[in-house]
There are 2 protein chains.
Amino acid sequence: MSNRDRILELALRLMNEEGAGAAGTTRIAEELGISPGNLYYHFKNREEIVRVLFDALDAEFRSLLIEDADPPISASRFAAFYLRSFDLAWRYRFFFGGLLGLLRRDEELAARYRALQDWAIDELEGIATQLVKDGSMARPRGRDGLRSVALSTWLIWMNWIRFLQISGRETIEPSDMAAGVSQLFDVLAPYLDPAFEKSARRALARESPKRG
Amino acid sequence: MSNRDRILELALRLMNEEGAGAAGTTRIAEELGISPGNLYYHFKNREEIVRVLFDALDAEFRSLLIEDADPPISASRFAAFYLRSFDLAWRYRFFFGGLLGLLRRDEELAARYRALQDWAIDELEGIATQLVKDGSMARPRGRDGLRSVALSTWLIWMNWIRFLQISGRETIEPSDMAAGVSQLFDVLAPYLDPAFEKSARRALARESPKRG
DNA sequence: GTCTATAAGCAGATAGAC
DNA sequence: GTCTATCTGCTTATAGAC
């Protein structure tokens, strides 16, 4: 394993466990037993490390969303999609807690993040539209009903892990993600076809990672 | 105006405008034209400044919630309550963006924040329960339906301003809060009595601060 | 690719005079 | 209450040898 990869791996671990501020260049180099100079050979600066990690999250998220927007959307695929998206958020959970600070310090990262967010909300709206077409979901009232539902799901997805962190949980486990998906289902529930919802909830319970 | 108050005022302004990290003790002292020593006479350390600001937010939020949970809850009081709560969040908007970082650095602040959050979610559930009793709202399905609705409203309240900041808005205006309240109404809408909802939305449009 | 050594800057905080 | 002066510790980042 190259030092470059070891740097990325350790940076991700440290930031996930202790927050985005925990992975200074000094500390990374020290814990890996390499020199600061070596680290700076591989990365121009601290921000570049974060950008490379974000790019991985970005790519995974896009392929996940594209794959799963493909019609028709069955209840189990619907549940699996949200579970996988929460699992992805978990693996890069450092990103959400410190997001604003990270974006303020790196305009390039901010631009990439915003492009992803805009695209994702559109895509989530597209998924909701497809569910309506499939007859699995009723169209919410109001002009921008589907847009609003998409935005609510985005807000919950973005902030579920941060909410757990803020609430004082020492560690966040993959098994905590099912509650986030369930929270999200609760927001969609009033519009979902009852049979579809029931089936989706069953799939969620079946496929959630178990505690421990 | 005492230097102590000037410190608090400037710290709040800087953090609101440029983020929680922007108000270092050095910078505050410099911009006020006082010495670092003077600042440290008034506050034990940087964290204490933040704690005093949080206490103000805490007190205002509690009195707002207590006042408005008083039955029966009319549609216009309902709308006014959410508008005022978003206005409060706006005045202390620094807090939400950098929340996780602030809590990680100050265990005392973390404990106070968590107490407020636990209390607030209970209280929001109480408001929802009252609306059901008043006949203004249908009880959501599922065992913890009202709890889930309370949590969703909390998540949106907590994260609306941060969402705008993250989305790249240079400045956030009081007039941006109405969209947050509207987003929150959209989540509640499926359960609200149609006449109640209509009336609440009308009150929201009437009482929202205008742009500019 | 990797190292040593160090520059340069900024933060929070304190001692002690007035 | 307010000041001057300063200490300490930390961080990012670079120059240049191996």
Side-chain angles (χ1 to χ4, degrees), chain A residues 1-54 94-95 97-110, chain B residues 1-54 94-95 97-110:
Chain A
M1 196 176 186
S2 71
N3 272 349
R4 185 171 191 279
D5 290 340
R6 294 175 66 219
I7 291 166
L8 288 171
E9 190 186 66
L10 178 63
L12 180 59
R13 215 198 68 213
L14 287 177
M15 296 198 288
N16 275 342
E17 290 174 1
E18 300 176 37
T25 54
T26 317
R27 180 167 175 198
I28 293 175
E30 204 165 278
E31 296 209 13
L32 285 177
I34 66 172
S35 66
N38 188 341
L39 187 148
Y40 279 91
Y41 169 79
H42 291 293
F43 299 95
K44 189 170 160 278
N45 53 33
R46 189 184 185 283
E47 281 75 44
E48 190 175 309
I49 299 176
V50 176
R51 275 201 299 270
V52 170
L53 291 173
F54 170 74
F94 80 91
F95 192 69
L99 187 49
L100 188 57
L102 292 172
L103 300 191
R104 271 203 237 255
R105 276 182 212 181
D106 185 353
E107 259 313 314
E108 171 62 28
L109 178 67
Chain B
M1 195 174 187
S2 71
N3 273 349
R4 185 170 191 280
D5 290 340
R6 292 173 68 217
I7 291 167
L8 288 171
E9 189 186 68
L10 178 64
L12 180 59
R13 214 196 70 213
L14 287 177
M15 296 199 288
N16 276 342
E17 289 173 2
E18 299 175 40
T25 54
T26 318
R27 180 165 173 199
I28 293 174
E30 204 165 278
E31 295 208 14
L32 285 178
I34 66 173
S35 66
N38 189 341
L39 186 148
Y40 278 90
Y41 170 78
H42 291 293
F43 299 95
K44 186 171 163 279
N45 53 33
R46 192 184 183 283
E47 282 74 43
E48 190 175 310
I49 299 176
V50 176
R51 275 201 300 271
V52 170
L53 290 173
F54 170 74
F94 81 89
F95 192 70
L99 187 50
L100 189 56
L102 292 173
L103 300 192
R104 269 203 238 256
R105 276 182 213 182
D106 184 353
E107 258 313 313
E108 172 62 30
L109 179 67

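Residue numbering restarts at 1 for every chain, and letters A, B, ... go by the order of the sequence lines.
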With sequence neighbours excluded, tell me which residues meet side chain to side chain donor-acceptor pair (under 3.5 Å) with A:E107.
none
Test side chain to side chain donor-acceptor pair (under 3.5 Å) applied to A:N16 - qualifying residues, sequence neighbours left out:
none
Nearest-Å distance for atom pair [atom1]/[atom2], residues [X] and [N]:
| X | N | atom1 | atom2 | answer |
| --- | --- | --- | --- | --- |
| A:E48 | D:dA13 | CD | C1' | 14 Å |
| A:E30 | D:dT11 | CD | C1' | 13 Å |
| B:M1 | D:dG1 | CE | P | 15 Å |
| B:R46 | C:dT14 | CZ | P | 15 Å |
| A:I7 | C:dC3 | CD1 | P | 10 Å |
| B:N45 | D:dT8 | CG | C1' | 16 Å |
| B:F43 | D:dG1 | CZ | P | 11 Å |
| A:N3 | C:dT2 | CG | P | 4 Å |

Would you say B:D5's side chain and B:L8's backbone share a donor-acceptor pair under 3.5 angstrom?
no
Under a 4.0 Å N-O cut-off, is there an ion pair linking B:E47 with B:R51?
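Answer for the salt bridge query: no.
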Taking OP1 and OP2 of D:dT14, is either one under 4.0 Å from a side-chain nitrogen or oxygen of A:Y40?
no
So, does B:Y41 get its side chain near the phosphate of D:dT2, meaning an N or O under 4.0 Å from OP1 or OP2?
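So the side chain of B:Y41 is outside the cut-off, no N or O lying under 4.0 Å from OP1 or OP2 of D:dT2.
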With rounding to the nearest 0.5 angstrom, report the CD1 to OH distance, B:I34 to B:Y41.
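The CD1 atom of B:I34 sits 12.5 Å away from the OH atom of B:Y41.
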How far does CG of A:L103 sit from CZ of A:F54, to the nearest 0.5 angstrom?
8.5 Å
Sorted by number, the residues of residues 17-26 of chain B with heavy-atom contact under 4.0 Å to DNA chain D
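Output list: empty, so none.
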Show the nearest heavy-atom pair for residues B:I7 and B:I49, with the distance to one decimal.
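Heavy-atom minimum between the residues: CG2-CD1, 4.0 Å.
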Which residue lies more 5' along DNA chain C, comparing A:N38 with B:E47 via nearest heavy atoms
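Looking at the nearest nucleotide for each, A:N38 comes out on the 5' side.
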Counting side-chain heavy atoms from CB outward, which of D:dA5, C:dG1, C:dT4 is closest to A:H42?
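Within the option list, the nearest is C:dG1.
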